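This report refers to the structure that appears directly beneath it.
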Amino acid sequence: MVEQDKHTLTKKERLNSLTLIEELFSGGSRSLPSFPLRIVYMPVEDETRPTLSLLISVPKKRFKRAVKRNLVKRQIREAYRMNKDLLLRPLEEAGKKAVIAFIWLDNRLRTSVQVEDTVKKLLLLTAERLI
């Protein structure tokens with residue numbers, strides 16, 4: 001019997017440490033753009049952190065209405081949840097940990113399929129760079 005992968009996104013996997021967020025955006029990180037998203041990533045040495053922590057940012061500058069910002073965040077979160085193994089497994093095999101942030105770059109809404117394709121692409125590129 002094959003064990004099914006759990007496609008979950010727990011609270012532990014969400015990045016909420018202000019010091020780590022500041023460090024991530026202040027310069028200790030690298031980024032990769034793939035329109036309409038950009039991923040910012042940084043390796044972490046903290047033993048207490050999970051293997052991969054996530055932050056999603058949709059600037060108010062891009063969408064004034066919170067409904068649209070929340071829609072985009074839901075799309076990114078769902079795409080990440082379904083495809084996080086593309087980055088999680090290589091990190092676990094290498095014994096490394098990382099912090100990532102997705103930042104929305106476009107002024108228009110995209111379909112969930114487009115968002116998922118972009119997230120997959122960025123996760124694969126990040127896995128190559130981190131390992």
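All values derive from a computational prediction rather than experimental measurement.
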Could you tell me whether the side chains of Thr19 and Ser17 share a donor-acceptor contact shorter than 3.5 Å?
-> yes

Could you go step by step and tell me if Glu78 and Arg81 meet the salt bridge (Lys or Arg N to Asp or Glu O under 4.0 Å) rule?
-> CA-CA 5 Å; Glu78 180 67 8; Arg81 186 180 70 81; 2.8 Å; yes

Dump the intermediate steps for side-chain contact (heavy atoms from CB on, under 4.5 Å) on Arg14 and Leu54, then the final yes or no.
-> CA-CA 5 Å; Arg14 296 176 191 220; Leu54 171 73; 5.7 Å; no

Worked check of salt bridge (Lys or Arg N to Asp or Glu O under 4.0 Å) between Asp106 and Arg110 | CA-CA 9 Å; Asp106 198 4; Arg110 301 291 177 141; 2.6 Å; yes

Non-hydrogen side-chain atoms of Glu116 and Val119 separated by less than 4.5 Å = no

Nearest atoms (heavy-atom pairs only) where Asn16 meets Lys11 = ND2-NZ, 3.8 Å

Residue of the set Leu124, Leu122, Thr126 for which side chain to side chain contact (heavy atoms under 4.5 Å, CB included) holds with Leu86 | Leu124

Do the side chains of Met42 and Glu23 get nearer than 4.5 Å, heavy atoms only?
-> yes

Might you point out which heavy atoms bring Ala101 and Phe25 nearest each other, and give the distance in Å?
-> CB-CZ, 3.8 Å

CZ/Arg129: more than 12 non-hydrogen atoms of other groups inside 6.0 Å = no

Nearest 0.5 Å, what's the NZ-CG distance between Lys64 and Asn107?
-> 9.5 Å

Side chain to side chain, Val99 and Tyr41, heavy atoms closer than 4.5 Å | no

Can a salt bridge be assigned to the pair Glu13 and Lys84 using a cut-off of 4.0 Å between side-chain N and carboxylate O?
-> yes

Mark yes or no for whether Lys97, through its side chain, and Pro43, through its backbone, hold a donor-acceptor pair below 3.5 Å.
-> no

Sub-4.5 Å side-chain heavy-atom contact between Ile56 and Tyr80 | no

Do other residues, nucleotides or ligands put more than 12 heavy atoms under 6.0 Å from the NZ atom of Lys121?
-> no

Supply the atom-to-atom distance Gln114 CD to Thr111 OG1, rounded to the nearest 0.5 angstrom.
-> 3.5 Å

Look up atom CD1 in Ile100 and atom CG in Leu91, then write down how far apart they are to the nearest 0.5 Å.
-> 9.0 Å

Quick one: are Leu130 and Leu87 in side-chain contact, heavy atoms under 4.5 Å?
-> yes

Kindly work out whether a path of hydrophobic side-chain contacts (I/L/V/M/F/W/Y, heavy atoms less than 4.5 Å apart) joins Ile103 to Ile39.
-> no

Roughly how far, to the nearest 0.5 Å, is CZ of Arg69 from CG of Leu109?
-> 12.0 Å

Nearest 0.5 Å, what's the OG-NZ distance between Ser57 and Lys73?
-> 8.0 Å

Find out if a path of hydrophobic residues (ILVMFWY) with successive side-chain heavy-atom gaps under 4.5 Å connects Leu71 to Trp104.
-> yes

Given side chains that start at C-beta, do those of Phe102 and Arg38 come closer than 4.5 Å, heavy atoms only?
-> no

Gap between atom CG of Leu55 and atom CD1 of Ile76 - 0.5 Å precision = 10.5 Å

Cluster overlap Leu88 with Leu125, hydrophobic side-chain contacts below 4.5 Å = yes

Which atom pair, heavy atoms only, marks the closest approach of Val40 to Ser31?
-> CG2-CB, 3.9 Å

When clusters are formed by joining ILVMFWY residues with side-chain heavy atoms under 4.5 Å apart, either directly or through shared neighbours, do Ile21 and Leu9 land in the same one?
-> no

Where is the tightest heavy-atom contact between Ser34 and Thr118, given as atom of each residue plus distance?
-> O-CG2, 3.1 Å

Are Asn83 and Lys120 close enough that some pair of their side-chain heavy atoms sits under 4.5 Å apart?
-> yes

Hey, any chance Leu15 and Leu123 share a hydrophobic cluster, counting ILVMFWY side chains that come within less than 4.5 Å of each other, even indirectly?
-> no

Do Leu37 and Leu105 have side-chain heavy atoms sitting under 4.5 Å apart?
-> no

